[in-house]
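Scroll down for the structure; my scribbles are underneath it.
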There are 4 protein chains.
Amino acid sequence: MMSGSTFGTLFRVTTWGESHGRAIGVVVDGCPAGIELSEMDVQRELDRRRPGQSTATTERHEADSVEILSGIFEGITTGTPISMLVWNRDARSSHYDSIRHTPRPGHADYTYHVKYGIRDHRGGGRASARETVGRVAAGAVARKLLSEFGVEIAGYVSELGGISASLPRWTSRGSIEREELLDIRERAESSPIRCPDAAASSRMLSLLDSVRSDGDSIGGVVEVIAIGVPPGLGEPVFDKLDADLAKALMSIGAVKAVEIGAGFESARLRGSEMNDPLFYENGRISFERNNAGGILGGISTGAPILCRMAVKPTPSIARSQRTVDMVSGESVDISVRGRHDPSIPPRIVPVAEAMVALVLADHILRQRSARLR
Amino acid sequence: MMSGSTFGTLFRVTTWGESHGRAIGVVVDGCPAGIELSEMDVQRELDRRRPGQSTATTERHEADSVEILSGIFEGITTGTPISMLVWNRDARSSHYDSIRHTPRPGHADYTYHVKYGIRDHRGGGRASARETVGRVAAGAVARKLLSEFGVEIAGYVSELGGISASLPRWTSRGSIEREELLDIRERAESSPIRCPDAAASSRMLSLLDSVRSDGDSIGGVVEVIAIGVPPGLGEPVFDKLDADLAKALMSIGAVKAVEIGAGFESARLRGSEMNDPLFYENGRISFERNNAGGILGGISTGAPILCRMAVKPTPSIARSQRTVDMVSGESVDISVRGRHDPSIPPRIVPVAEAMVALVLADHILRQRSARLR
Amino acid sequence: MMSGSTFGTLFRVTTWGESHGRAIGVVVDGCPAGIELSEMDVQRELDRRRPGQSTATTERHEADSVEILSGIFEGITTGTPISMLVWNRDARSSHYDSIRHTPRPGHADYTYHVKYGIRDHRGGGRASARETVGRVAAGAVARKLLSEFGVEIAGYVSELGGISASLPRWTSRGSIEREELLDIRERAESSPIRCPDAAASSRMLSLLDSVRSDGDSIGGVVEVIAIGVPPGLGEPVFDKLDADLAKALMSIGAVKAVEIGAGFESARLRGSEMNDPLFYENGRISFERNNAGGILGGISTGAPILCRMAVKPTPSIARSQRTVDMVSGESVDISVRGRHDPSIPPRIVPVAEAMVALVLADHILRQRSARLR
Amino acid sequence: MMSGSTFGTLFRVTTWGESHGRAIGVVVDGCPAGIELSEMDVQRELDRRRPGQSTATTERHEADSVEILSGIFEGITTGTPISMLVWNRDARSSHYDSIRHTPRPGHADYTYHVKYGIRDHRGGGRASARETVGRVAAGAVARKLLSEFGVEIAGYVSELGGISASLPRWTSRGSIEREELLDIRERAESSPIRCPDAAASSRMLSLLDSVRSDGDSIGGVVEVIAIGVPPGLGEPVFDKLDADLAKALMSIGAVKAVEIGAGFESARLRGSEMNDPLFYENGRISFERNNAGGILGGISTGAPILCRMAVKPTPSIARSQRTVDMVSGESVDISVRGRHDPSIPPRIVPVAEAMVALVLADHILRQRSARLR
């Protein structure tokens with residue numbers, strides 16, 4: 001869209017707020033009228049992204065109680081903008097005075113400075129992970145819409161610091177049963193790492209402890225699956241469903257790569273291995289496998305949407321790093337203090353799910369104008 | 001944007017046309033006035049994407065002579081829309097009659113059918129690679145704009161069918177000299193595979209021959225590098241530069257994954273390895289390495305932009321594949337006849353460069369409103 | 001929209017081309033699949049806007065044969081962009097050499113110069129009335145879509161040079177019968193002034209002759225009525241139906257004012273006179289009168305849409321006018337030579353109808369996402 | 001834009017909130033970094049639109065204290081979204097129970113119902129004049145930006161209930177001195193009607209009293225003038241400056257007509273009277289008069305921007321009106337109770353000024369990409 005803080009074309013989301021400002025929030029415009037929506041629906045998702053839930057995540061305690069300020073009447077969406085807000089609390093900005101003029105490596109400090117000439121440096125300001133509060137709140141609304149169409153979305157951590165979870169090979173299957181997906185999700189949510197493989201999860205946790213005591217951090221891989229997505233979503237040739245998903249996921253801080261379906265593996269397959277054969281099943285067209293990740297020519301096929309993304313290690317680390325002092329013009333070494341996740345992927349999961357939900361909700365509405373009737 | 005055939009916000013590109021329709025073209029709106037532009041500038045890029053140039057690409061012969069119909073006066077852009085058109089010739093649509101009701105695996109045949117209820121099936125219609133004519137023509141205009149700011153873009157094939165080229169490790173360097181990039185580019189352009197490593201290129205060519213005689217196809221990896229990109233480009237939090245690049249590249253048919261900088265490798269690095277330390281060089285901030293791929297917090301750092309994408313094998317293969325007949329409702333086996341590239345990556349290179357150019361041109365204009373003065 | 005050459009959000013129209021360039025055209029993106037559309041449908045409307053049809057309009061002879069280059073397959077829209085083009089012929093640009101540096105009063109010559117620093121001065125370039133070819137062609141597509149929903153649009157000249165036609169007082173009626181509207185339209189089309197009142201039309205024609213021999217020009221008022229518009233169209237609070245109509249009509253060159261329903265008269269009515277009482281008729285809500293012009297709160301009521309616009313006199317006049325020579329910096333007197341309409345309103349009629357059609361087509365599609373089902 | 005609650009392309013404003021919801025607010029995205037902005041700057045404008053200031057306006061007492069929640073750091077805009085909020089107080093929604101199923105004539109009750117199937121009927125919900133709080137707050141930000149470029153905006157009531165103020169004939173002058181405009185403004189602000197002609201103002205006030213005791217209401221005409229507008233603003237051919245102004249002003253509830261410059265009068269002028277001759281003054285191009293209203297070909301000329309709009313009488317009147325009961329399906333008579341302005345134009349003035357400011361701020365930013373340098 002035109003201004004960087006808005007996402008979507010018909011189901012449109014505008015986030016606002018800085019990490020240590022007064023509040024953070026989002027306006028959802030274009031949500032159809034007639035959907036049941038309560039603050040509880042949104043709070044449930046916000047609680048999933050909230051830090052301080054386990055030893056695997058940062059210790060900052062944020063209540064993050066959402067307030068819905070407009071767009072709902074007697075518990076139902078009215079078609080008018082839904083404004084949601086969370087007040088910022090427990091924001092000890094003095095932690096950040098030292099970084100005002102010394103951009104942290106791996107952070108957006110320098111780039112915001114060079115772009116705008118001014119930045120709210122406290123806690124990363126607008127570039128903070130806290131901005132995802134708005135995304136997750138909006139995603140909760142999108143999920144309510146999607147649930148009316150039978151769409152289910154689940155995400156999890158499939159790899160952390162090089163440790164891979166043992167998981168089904170989704171690209172080899174044309175479909176995924178709802179029960180199986182919900183089971184995967186439940187197992188992920190019960191792990192502090194959000195990894196559905198309990199054995200891998202516990203090894204990841206050990207690694208995390210050792211990395212934390214090193215004053216370092218690690219990255220990982222997050223996967224999101226959506227089932228029940230109707231065929232026909234996506235607007236060629238630029239607003240293809242996979243193109244919009246790639247943008248949505250790459251717009252999450254710390255994500256450095258996105259794959260759809262077989263992803264980079266497709267570069268090594270033959271056409272006869274890559275192409276998913278079609279067949280009829282219960283009178284509907286299905287696919288024998290799903291290397292396409294549920295998208296062909298930028299349009300959904302009806303098979304599961306498979307997304308995978310690389311998450312870089314948390315840039316804020318205690319270990320000493322070289323940077324510059326923009327006032328004195330000298331090189332300095334810094335060590336980033338404060339309460340930081342040693343690894344972001346577990347917290348990326350609800351954000352990535354939210355972004356997938358926003359893309360699907362938008363395209364479900366856009367699809368309505370593809371045909372005369 | 002709102003309608004799927006338009007890309008960009010200020011430098012806006014709308015492509016139109018089907019593979020076997022009368023013509024194919026593009027309208028570029030929002031190009032600033034005052035840029036020298038001739039049909040030759042555009043033709044040069046179109047010639048690079050044209051099939052039939054080597055044994056590595058399809059045999060279809062297309063002249064693809066561009067005509068600029070508006071927006072230029074006395075050789076200079078006027079700020080008004082630039083309309084460009086290429087007539088379709090040599091379109092033997094009878095080749096395609098057999099696929100009208102039998103969607104080809106790996107193609108958009110089924111998804112266009114289910115979305116629109118009708119499709120121009122000849123040669124893939126709108127989903128054809130031929131649509132990229134418009135992208136490349138628009139990209140040529142974007143490159144003229146970018147060259148005024150000193151931006152240089154080069155792409156090449158780094159991997160084909162599992163064979164990797166030997167190339168510098170770009171993420172380990174904070175900058176790339178123009179001469180080196182132009183040299184890489186020249187070597188790539190002199191290879192039928194567009195691979196700058198001559199030894200790898202010849203092995204790729206052999207593999208291609210054997211794959212072709214198998215009636216099969218292979219995929220590969222394409223990389224695009226942009227240098228001279230001013231710091232400050234990108235509009236957080238959704239229109240981040242990397243998010244827009246991911247969308248741009250994923251919108252190319254056959255691309256299934258996109259990486260920025262260290263990409264998936266970042267998932268396996270420690271924070272202390274991933275973060276790029278800053279230092280002053282000639283009074284400007286530089287980076288000791290470039291795992292970030294030239295982008296932090298969605299905003300360009302001034303370091304080279306590094307993009308990498310996976311290209312799936314050509315879906316059109318001579319080998320027999322299983323699909324359905326949508327009229328009879330029965331399973332059938334098909335073999336896709338016609339003139340098809342056994343591998344797409346060499347032809348993706350100019351398209352990927354064009355898409356990177358479109359994103360950068362758009363963000364150079366958007367950046368102009370970031371500050372009061 | 002973002003770039004000035006595009007109109008609409010879902011039914012999107014991008015025009016391109018200059019008066020004396022090689023061609024002029026339009027791309028319609030977002031037209032739903034499944035609509036019958038032929039070049040004849042478009043040609044019919046283009047013929048209505050073509051100059052040289054009567055003594056009341058300019059003598060320039062333009063064939064204006066439209067070519068549809070994409071988006072149609074076997075006579076049906078496919079949901080992909082519809083590109084249409086008309087070649088420019090009979091363009092004697094030497095007529096315009098004298099105005100290169102002397103901006104014509106009332107024209108866009110100076111403002112294009114100051115904005116872009118360069119302009120195609122021949123025949124007004126992009127600011128020429130010829131640009132409306134693209135609008136009318138796109139409007140013809142919109143009308144095909146609208147006719148599927150029973151919408152009928154008719155425009156006419158209600159006033160010229162101060163002479164008013166005798167017409168029904170539309171605001172006093174809650175509805176208009178299709179037969180009556182078609183009759184009005186037929187009478188308008190049979191008049192060289194496009195005025196449905198034959199007596200007024202002939203007086204206007206006499207005035208026109210006398211004004212022409214004075215080397216002067218006159219303005220007038222154009223009205224457009226749309227019936228059969230479903231209630232519920234319009235997107236508060238900014239994309240209200242009346243707001244979008246105002247923009248659409250004011251974007252036509254020479255239009256200086258727009259009224260909806262009672263328009264300026266509403267400033268002089270009491271609330272008890274202005275408000276349109278509601279009642280049930282055949283089980284549907286109707287209105288006793290239509291001061292609202294079919295729109296309340298920016299949303300269509302189902303009553304006829306009533307638009308009225310002021311058209312200024314043709315700025316190109318033979319009489320001497322004062323301007324400046326931008327090269328010498330001196331004041332000069334100019335007389336604009338060439339083939340010019342002494343009055344524009346008759347030719348504005350099909351353009352205004354087209355713009356109303358574009359707005360309604362867009363909002364019919366947008367309305368589809370207002371509700372969950 | 002795409003969703004109805006957003007206005008602008010680069011300087012983008014999204015309003016949210018219903019009359020009797022918890023709060024009402026706006027997000028301004030795309031405001032450049034580096035502008036001084038305080039809550040006082042915004043409050044000053046909000047106080048101007050607030051009801052309860054004089055006998056001429058409604059008696060509802062609203063504190064309307066704005067809170068800026070983001071986008072400002074140390075008193076300076078940072079280039080990130082500016083979120084502003086006003087809590088709703090004193091909202092006696094029981095007043096409105098009776099209108100739940102009986103749409104008020106002249107109101108949006110019926111159209112919201114038919115569009116969305118549900119509406120927050122309390123106080124007009126989203127269609128309430130209260131929505132303009134967000135517009136005025138955003139307009140205050142736009143004015144700060146514009147003041148950096150020397151733009152001054154002033155509005156006033158020029159006609160009420162048929163009584164016209166005596167004012168200069170602005171179209172006859174090529175320029176307006178700042179002192180004169182500020183004087184006009186001051187006189188308007190000191191009148192309860194916001195009419196700069198004291199004699200007319202007092203006659204309007206008397207009329208208003210008599211209309212109120214009749215249980216009726218009256219409309220009027222509002223004018224807005226902007227001086228210091230740089231030439232070159234406006235994006236042909238659809239986002240012309242006059243087209244965007246027309247949309248902006250027509251999107252204000254109760255506005256039924258918009259004129260630019262000579263407006264409807266142009267329909268009655270000859271070309272030789274309408275065209276504004278050019279001349280050099282202090283080395284700059286000026287105009288001998290300003291029938292164009294400062295805009296030619298949709299681009300600003302540098303002369304004053306002249307806008308005029310018709311405001312209908314307040315639809316809420318005590319007098320009995322005929323409508324329907326949508327539950328029983330019967331005709332009923334209603335009398336609208338509650339605290340209502342008998343005339344809206346005085347309160348439209350700050351809203352119309354805000355809308356003009358939003359359009360100009362947006363186009364000042366858009367203009368930056370018109371040229372290469």
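We name chains A, B, ... by the order of the sequence lines, and we start the count at 1 in each one. As the structure is a computational prediction, the values presented were derived from the model and not from experiment. Heavy atoms only: backbone and side chains are in, while hydrogens, waters and symmetry mates are out.
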Report which part of B:Phe11 has an atom under 4.5 Å of a heavy atom belonging to chain D: side chain, backbone, both, or neither.
neither

Should B:Thr9 and D:Thr9 count as side-chain neighbours, where that means a heavy-atom distance under 4.5 Å?
no

For the atom pair CZ (D:Phe149) and CG (B:Leu372), what is the distance rounded to the nearest 0.5 Å?
5.5 Å

Given 3.5 Å as the limit, does a donor-acceptor pair link the side chain of B:Arg368 with the main chain of D:Arg368, or not?
yes

Looking only at heavy atoms and a cut-off of under 4.5 Å, which of D:Pro236, D:Ala370, D:Gly30, D:Cys31 has the most pairs with chain B?
D:Ala370

Straight-line distance of D:Ile35 CD1 to B:Arg371 CZ, nearest 0.5 Å:
13.0 Å

Using 0.5 Å steps for rounding, measure from the CZ atom of B:Arg366 to the CG atom of D:Leu365.
12.5 Å

